[in-house]
Amino acid sequence: MMRKLFFIGTGLFWLALITLALVAWLTPPAPQQPMPEKPQGIALAEVARHASAEDCWMAIQGTVYDLTAYLPEHPTKPSVILPWCGQEATVAYQTKAKGRAHSPRADQALANYAIGVLQ
Ligand code: HEM
């Protein structure tokens, strides 16, 4: 009697194990999560949408800056810097539009306003 029970128990155990293995094998794999979008940077067209004194972005040397808060600090009349809002302004920044580079102090100030890389 005990022997019979032992064989039935063992049989049931293996049956359960094989059923589990079959279910695992037959279950379709979970659908792949779509790859997260690679950060693409900010397009120049997006920069161009921020072209006013109230909302001023510039692209300088491959980085995009939101300079809105800085504009009142710039030590010239606004008409010198404002036309560059919404623009690729690398050369303007490097030359102050008249052939002279900004100082390291200006470079430091600029770094505070970076918001992303240019696409
Ligand atoms: C992209 C267009 C820009 C133009 C055309 C421009 C032009 C000028 C001009 C004409 C001067 C005064 C004259 C001189 O010092 O030689 C000046 C000074 C200055 N600008 Fe700009 N600027 C621009 C953007 C910026 C930005 C984005 C910053 C910093 C966030 C900045 C920071 C300064 C500082 C700190 C000075 C004082 C002098 C110096 O440290 O070089 N400028 N800029």
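First listed ligand is number 1; within each ligand, the first listed atom is number 1. Along the sequence shown, residues carry numbers from 1. Since we're looking at a predicted model, the values are computed, not measured.
- Here the protein heavy atom with the shortest distance to atom 2 (C) of ligand 1 is Trp84 CD1, 3.7 Å.
- On a distance-only criterion, His74 and ligand 1 share at least one N/O pair closer than 3.5 Å.
- If you check which protein heavy atom lies closest to atom 18 (C) of ligand 1, you get Pro75 CG, 3.7 Å.
- Judged purely by atom type and a 3.5 angstrom limit, His102 has no side-chain atom pairing as donor or acceptor with the backbone of Lys96.
- Rounded to the nearest 0.5 Å, atoms OH (Tyr113) and CD (Glu73) are 6.0 Å apart.
- With respect to Trp57, the side chain to side chain contact (heavy atoms under 4.5 Å, CB included) criterion is satisfied by exactly one of Gln87, Arg49, His50: His50.
- For the residue pair Thr63 and Gln61, no side-chain donor N or O sits within less than 3.5 Å of a side-chain acceptor on the partner.
- Between Arg100 and ligand 1, at least one pair of N/O atoms sits closer than 3.5 Å.
- Looking at Leu110 against ligand 1, both its backbone and its side chain come within 4.0 Å, counting heavy atoms.
- For atom 26 (C) of ligand 1, the closest non-hydrogen atom on the protein side is Tyr93 CE1, 3.6 Å.
- In terms of polar-atom proximity, defined here as any N/O pair under 3.5 Å, His102 does make such a contact with ligand 1.
- Atoms CH2 and CE, from Trp84 and Met58 in turn, are 9.0 Å apart once rounded to the nearest 0.5 Å.
- A donor-acceptor pair is defined here as one N or O able to donate and one able to accept, closer than 3.5 Å; such a pair exists between the side chain of Tyr93 and the backbone of Asp107.
- Numbered from 1 in the order shown, with element, the atoms of ligand 1 that lie under 4.0 Å from a heavy atom of Val80 read 5 (C), 7 (C), 10 (C).
- Of all atoms in ligand 1, listed by their number and element, those nearer than 4.0 Å to a heavy atom of Met58 are 1 (C).
- The N/O atoms of Lys96, backbone and side chain alike, include one that comes under 3.5 Å of an N/O atom in ligand 1.
- Remark: minimum distance from atom 24 (C) of ligand 1 to any protein heavy atom is reached at Ile81 CD1, 3.5 Å.
- Of the protein's heavy atoms, Ala92 O, 4.1 Å lies nearest to atom 4 (C) of ligand 1.
- In terms of protein heavy atoms, atom 13 (C) of ligand 1 is closest to Lys98 NZ, 4.0 Å.
- Distance check, rounded to the nearest 0.5 Å: NE2 of His74 to CG of Leu82 gives 10.5 Å.
- Contact annotation: for Ser103 versus ligand 1, heavy atoms closer than 4.0 Å belong to both the backbone and the side chain.
- The shortest N/O to N/O separation between Tyr70 and ligand 1 does not fall below 3.5 Å.
- Within the set Leu71, Thr76, Ile60, the minimum heavy-atom distance to atom 9 (C) of ligand 1 is found for Thr76.
- With rounding to the nearest 0.5 angstrom, the CG atom of Asp66 is 9.5 Å from the CD1 atom of Ile42.
- Note that the CG atom of Leu71 and the CG atom of Asp55 stand 10.0 Å from one another [nearest 0.5 Å].
- Checked by atom type and distance alone, the side chain of Thr68 pairs as donor or acceptor with a backbone atom of Cys56 at under 3.5 Å.
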